[in-house]
Structures are given as structure tokens and as C-alpha cells.
Amino acid sequence: MENFKRTHYCGALSLNNLGECVTIIGWVSKKRNLGSLVFIDLRDRYGIIQVLVKTDEINLPDVRNEYILQVEGIVSKKEVPNPTLKTGDIEIIASKITVINTAENPPIIVADDTDANVDTRLKYRYLDLRRLCMQKNFIIRSKIVKAVHEYLDANDFIEIETPILTLSTPEGARDYLVPSRIRKGSFYALPQSPQLFKQLLMVSGFERYYQVARCFRDEDLRADRQPDFTQIDIETSFLSQDEILTLTEGLIQKIYKDVINYDVELPLRRISYDDAVNIYGSDKPDTRFDMKLVSIKDILSDNQNDLIKNNKYIKCIKAENIASDTSRKVQDEYNLTASKFNMKSFAYLKYVNSKLEGSIVKFLSELEQQQIIALANLHENDLLIVAFSNNLKNINFGLGAMRTLIAKKYNLIKPNTYDILWVVNFPLFERSEETGEISPCHHPFTRPLDEDLPKSETKPYEVYSYTYDIVMNGYEAGGGSL
RNA sequence: GGACCAGUGGUGUAGUGGUUAACAUGUCACUCUGUCACAGUGAAGAUCGCGAGUUCGACUCUCGUCUGGUCCGCCA
């Protein structure tokens with residue numbers, strides 16, 4: 001077996017290496033044959049570098065896509081730089097090329113902008129993962145875990161592994177089951193989280209525990225949800241909610257700094273669950289765009305129209321400058337999104353030629369119209385979507401879904417920006433939609449807010465809890481509780 | 001458990017009852033000294049997911065089935 005040596009990585013070379021004689025190893029990403037000049041893009045984990053072969057000076061063996069080559073050559077400045085490439089200023093002028101391994105013609109294009117569909121990519125996953133954009137995901141993940149270890153180790157945490165084959169742990173999901181060989185007819189459950197174990201560890205006096213923990217939940221997939229996943233699992237003794245949030249913020253700040261060199265400003269914004277839901281229509285709001293939910297019930301308190309009179313809640317969102325773009329068909333699309341939250345009653349008001357237009361305008365007095373225009377701060381061509389409901393949760397989440405949909409449709413979100421905030425103090429209980437029974441919102445071990453404790457018997461749905469979710473760009477990235 | 005969408009050369013798509021099954025890209029061959037989505041010329045490559053049915057005739061319509069995707073339920 002030959003032992004192939006290299007002196008540098010392809011993607012790590014730069015102008016600093018100018019003039020050096022280097023040996024690199026990589027996969028052929030692309031070959032451009034101009035006759036006596038052949039350009040080869042050679043790829044390794046660090047990136048792509050162009051190799052220049054002058055075929056009247058050296059021998060070029062048969063080279064095709066995804067062949068693995070060892071290349072000796074001089075790092076040189078390109079005659080025409082390519083600013084779109086990290087190594088675009090330089091190239092290797094090859095003096096010797098060795099084929100380490102050949103390859104069949106790959107079924108998918110091994111490049112960031114491959115055109116293959118997901119199932120094809122999964123069938124040839126080992127080729128899909130050669131793409132640098134895919135490797136980047138794994139590299140980021142690895143860097144995150146490294147930062148987690150460093151931060152928590154520095155904060156006196158102990159990493160402890162907990163069992164995978166266990167009794168059922170009481171989370172909300174279905175367990176994955178593994179049949180027992182020794183006790184026939186019995187099953188292990190895979191942990192939905194290390195919840196019970198870490199609480200036992202606290203009882204045992206470890207005080208600060210963490211684990212990069214694999215969790216298993218036998219529920220259906222979504223685009224952003226897998227049945228087995230990894231969570232950074234933390235448990236401490238004696239800390240207040242404020243202390244645990246501060247500790248976690250430090251971790252988040254370090255991860256962003258170490259991984260993408262982004263400075264997260266601390267402390268993070270904290271908003272209550274009730275505010276998140278009432279103002280943004282979501283318990284995981286994306287606050288990179290405005291479109292806040294506004295109640296106009298007060299303005300319409302004297303209105304005798306049935307729709308207005310008979311609905312306890314009337315709230316609206318303003319979408320700027322899209323009134324003329326919002327046909328009946330588009331309205332139906334918005335309504336469909338909200339209908340998932342049992343929302344049916346909507347009215348669309350368009351502010352055109354300095355006045356309101358829309359089906360319900362005829363039921364609004366001149367004063368009411370002026371008040372709405374002022375409250376919503378309407379400008380020409382703004383669209384005001386008004387929702388009517390007697391269910392506060394439905395109207396909030398329904399409008400929240402519309403809000404997100406419109407923001408995506410009109411690109412209201414600045415790309416490459418980070419919006420990180422805490423949503424705190426969730427309700428302790430919720431009522432099951434089907435059975436009507438009371439059940440924990442979070443999990444059964446959650447501590448109620450001290451000041452709400454007296455209400456726990458009489459008004460359980462008004463009891464809030466020491467709970468907190470970390471929300472990034474509208475995604476729930478984590479959460480916990482006392 | 002449910003709803004919807006999609007399966008056509010290697011890949012991605014077009015194709016609304018009769019086509020030589022089209023286009024792009026990739027591949028192969030040849031030409032080419034500055035390409036980086038190289039360019040030019042030429043070539044090969046598809047029993048249209050599978051099964052049944054309707055029809056003179058099905059990639060196309062119907063039913064079933066398999067696979068993939070998105071969403072609802074579910075996921076504290």
C-alpha cells in the first residue's frame with residue numbers, strides 16, 4: 001500500500017503560499033480542457049483550488065470527475081483572478097500528477113448547486129456529502145459541540161452519559177420500543193430526553209450536569225423535525241430563572257462567536273409568552289420584521305354590526321404597500337393559512353386614495369375609519385387584515401401565521417441577520433382540545449410562578465410558570481424550566 | 001390517522017388521447033494557451049415508477065399499488 005503524503009490542504013492555500021512547492025491531495029471537481037492548457041478544480045474538505053496543467057510540459061494521465069489526485073506544483077498568482085472563489089487569486093502550476101484512485105461517472109453533480117432532488121441525493125448520500133455546503137453543516141455542528149464543551153467545562157459542569165435502553169420517560173411523545181431478549185415480552189424504551197436521569201443526578205448532588213444527548217421521539221417527520229435528534233442537555237441545582245438564562249446566554253454568545261464570529265449582544269431580549277402571542281401571534285416570534293397585531297375592538301365598541309358586535313376580539317395586522325397586489329385569490333391563500341387555527345372571519349381593508357376600501361367599510365362610521373387609519377398609521381396602498389373571533393388564542397395564532405406568510409412572500413426579512421430572544425413564563429396548564437382535560441403545558445415537573453401559586457386550585461389556567469424558550473429567527477431552538 | 005403534490009435518458013424538467021417522446025445539463029470523441037457555468041463540432045443515452053382497466057390507439061384518462069415531498073393531527 002502506497003502512503004500518499006501532502007504538504008497542504010487545497011482550500012487552505014492562499015497568497016501567503018506564493019512560490020512554494022506544495023503537494024496536495026483532492027477530488028477532481030471539474031476539468032476544463034483547453035488543449036495544451038488544462039484546468040482542474042481540486043477539492044478537499046477545506047475548499048477548491050485550481051490546478052493548471054501545461055500538457056506540452058508534463059504528462060497528464062486520464063483525469064475525470066471525482067478521480068482522486070495527488071498534485072505536486074508551485075503556488076502561483078493567477079493571470080486572471082476569480083473573486084468568487086476563496087482561493088481565486090492563486091493556482092497550482094502542476095509539475096507532477098498522480099492518480100490515487102479512479103471513479104465512475106457520478107450520478108449527481110458533486111457541487112454546491114447540484115440539481116438533484118432530495119431522494120436522489122439520499123440514495124447517493126456518500127456523494128451528496130462530498131459537496132462542500134453539506135460538509136460545512138457538519139463542521140458547524142462539530143464546532144458548536146466543541147464550544148459547548150469548553151463553555152460548560154469552564155463553568156464547572158460535569159458531563160455525564162445517561163442510559164439509552166431505559167424505562168419509559170414521561171415526555172409528551174410516543175416512545176420507541178426495543179424488545180428485551182432476557183425478559184421476553186418486555187420492552188426497553190429509548191429516552192425522549194434524559195429528563196428523569198438528570199433530576200436524579202441533582203438529587204445525588206452533582207449540582208451541574210450536562211450532556212450532548214441523543215433523544216428519540218416516535219412522531220411523524222417535518223422539514224425541521226426528526227424523530228431522533230441531539231440536544232444540549234443541562235440541569236443545575238439552586239439557580240434562579242434569571243441565573244440560568246444568563247448562564248445560557250453566555251453559552252449562546254460563545255457559540256456564535258466561535259463558530260461564525262458573530263457578536264451576540266447580551267442580555268438577550270426577554271418577552272413573556274402572553275406578549276409574544278398577543279403582539280406577534282406566536283410563541284416563537286420572528287421579530288426581524290414588524291407587522292404587530294393590533295386590537296381595534298375598543299375603537300369599534302359602539303358599532304352595532306353583527307360581525308363586529310358579536311366577536312369579543314377584533315385584531316388586525318398591517319402589510320405595507322401591497323393593497324393593489326392583493327387579489328381575492330391572494331386573500332383566499334392567506335385565509336387558508338389562518339384556517340388551520342380555526343379562524344374563518346376576516347375582512348380586508350385597503351387604504352387607497354387616502355381612504356379605506358373593503359367590504360366592511362360601509363359598516364364603519366367616519367370617526368371609526370379615521371381612528372383605525374391613525375392607530376394603524378396607514379399609508380397609501382397599505383393593506384389591513386382584520387380578524388374576528390371569540391377565541392383569543394385562535395385569533396392570535398391565525399394572524400401570526402398570516403404575518404409570517406406575508407413576510408416570507410414579500411422578503412421582509414433581511415437575510416443573514418440573527419434575531420435571538422427569550423420567550424418566558426408560559427402558562428402552567430393548558431386544556432386539551434379533544435378531551436377538555438387539564439394537562440401540563442411544559443412537563444409535569446414545572447414550577448409555578450410564586451405569585452401565581454394561590455390560584456393553582458381556583459384558576460389553574462391563569463397560573464404561569466418558570467419556563468423559557470430560546471427563539472432564533474422564529475424557530476424554537478431550545479427551552480427549559482425550573 | 002388524514003389532505004395535497006410529484007414520479008419521463010445519469011441528473012433536472014417539458015410534453016391534456018395518435019410526436020421520430022422535446023429541452024437543458026451531465027457523459028463520450030475530436031479541436032483549442034487563460035478557463036473558472038470555458039467555447040466549438042459530433043455522438044451515445046428513455047421498454048415514460050409498477051399493475052390492471054377504458055380505448056382502434058395511453059407518457060397522457062380511470063382504479064389500485066409503491067416511492068418521495070409538503071402540510072394537518074401528533075411533537076410538553
Side-chain angles (χ1 to χ4, degrees), chain A residues 28-43 47-57 62 64-66 76-93 103-124 127-128 169-176 192-193 195 215-229 231 273 283-284 336-342 397 401 405 426-434 438-446 465 467-469 476 478-481:
Chain A
V28 175
S29 197
K30 187 81 188 170
K31 184 175 76 168
R32 291 177 293 278
N33 188 342
L34 278 69
S36 58
L37 275 189
V38 178
F39 299 99
I40 296 169
D41 289 342
L42 206 62
R43 181 192 72 239
I48 290 174
I49 184 118
Q50 175 169 289
V51 174
L52 172 59
V53 185
K54 299 178 177 173
T55 52
D56 47 11
E57 293 175 19
D62 184 34
R64 291 160 199 271
N65 284 344
E66 298 306 311
S76 314
K77 203 163 178 171
K78 267 188 187 177
E79 280 186 22
V80 187
N82 179 358
T84 62
L85 217 60
K86 195 175 69 174
T87 59
D89 291 322
I90 54 169
E91 65 190 356
I92 310 291
I93 300 181
E104 286 179 19
N105 187 36
I108 65 170
I109 299 169
V110 183
D112 284 359
D113 55 350
T114 188
D115 59 0
N117 288 328
V118 179
D119 49 342
T120 310
R121 288 170 47 203
L122 287 176
K123 182 175 177 184
Y124 303 103
L127 298 179
D128 188 43
T169 43
E171 295 278 334
R174 205 169 317 157
D175 286 320
Y176 276 106
Q192 296 177 34
S193 88
Q195 183 65 33
C215 304
F216 306 88
R217 296 179 187 177
D218 187 7
E219 299 294 344
D220 289 356
L221 294 145
R222 284 288 188 283
D224 60 351
R225 190 201 304 161
Q226 291 199 93
D228 71 307
F229 60 93
Q231 70 185 22
Y273 171 87
D283 58 355
K284 41 180 191 289
L336 182 69
T337 298
S339 69
K340 291 166 188 169
F341 299 93
N342 289 319
F397 281 94
L405 179 73
F426 285 63
L428 187 63
F429 298 113
E430 64 187 355
R431 190 193 292 276
S432 164
E433 294 275 337
E434 293 160 20
I438 191 166
S439 70
C441 225
H442 190 73
H443 63 48
F445 320 111
T446 309
S465 59
T467 42
Y468 32 88
D469 276 359
E476 177 196 343
S481 63

Requested in this report: Pick base, sugar-phosphate or nothing for Glu57(A), based on heavy-atom distances below 4.0 Å to the nucleic acid.
Outcome: nothing
Requested in this report: Just name whichever nucleotide pairs with A14(B), Watson-Crick or G-U, keeping both distances under 3.5 Å, else none.
Outcome: none
Report summary line: Considering only heavy side-chain atoms of Asp119(A), the closest of C75(B), G68(B), A29(B) is G68(B)
Query raised in the report: Any salt bridge between Glu66(A) and Arg43(A), counting N to O under 4.0 Å?
Result: yes
Query - Contact nearer the 5' end of RNA chain B, comparing Glu91(A) with Arg174(A) - result: Glu91(A)
Report summary line: For A43(B), the nucleotide meeting Watson-Crick or G-U wobble distances (both under 3.5 Å) is U27(B)
Query raised in the report: What is the nucleic acid contact for Asp218(A), judged by heavy atoms within less than 4.0 Å: base, sugar-phosphate only, or nothing?
Result: nothing
**Report entry** Nucleotide C71(B), atom P - distance to CG of Leu405(A) in whole Å
**Finding:** 13 Å
Requested in this report: Please confirm whether any donor atom in the side chain of Arg222(A) sits under 3.5 Å from an acceptor in the base of G73(B), or the reverse.
Outcome: yes
Query raised in the report: Hey, does Val80(A) reach any base, or is it just sugar-phosphate, or nothing, if we go heavy atoms under 4.0 Å?
Result: base
Query raised in the report: Counting side-chain heavy atoms from C-beta on, which of G34(B), C36(B), U11(B) comes nearest to Asp41(A)?
Result: C36(B)
Query raised in the report: When all nucleic acid strands are considered with a 4.0 Å heavy-atom cut-off, which category describes Pro427(A): base, sugar-phosphate, or nothing?
Result: nothing
Query raised in the report: When only distance counts, do a donor and an acceptor, one from the side chain of Asp220(A) and one from the base of G73(B), lie under 3.5 Å apart?
Result: yes
Query raised in the report: Base, sugar-phosphate, or nothing: which does Leu85(A) touch, judged by heavy atoms less than 4.0 Å apart?
Result: nothing
Query raised in the report: Which value, in whole Å, describes the distance between the C1' atoms of nucleotides C38(B) and U65(B)?
Result: 47 Å
**Report entry** Which residue lies more 5' along RNA chain B, comparing Asn65(A) with Leu122(A) via nearest heavy atoms
**Finding:** Asn65(A)
Requested in this report: Taking only heavy atoms on the protein side, list every residue of residues 30-40 of chain A lying under 4.0 Å from any atom of RNA chain B, sorted numerically.
Outcome: Lys30(A), Arg32(A), Asn33(A), Leu34(A), Gly35(A), Ser36(A), Leu37(A), Phe39(A)
Query raised in the report: For the pair made of CG in Asp128(A) and P in U11(B), what is the distance, rounded to whole Å?
Result: 14 Å
Query raised in the report: Is Arg225(A) side chain donor-acceptor paired with the C74(B) base, going by distance under 3.5 Å alone?
Result: yes
Query - base_contact_polar (G73(B) base, Glu219(A) side chain, donor-acceptor, <3.5 Å) - result: no
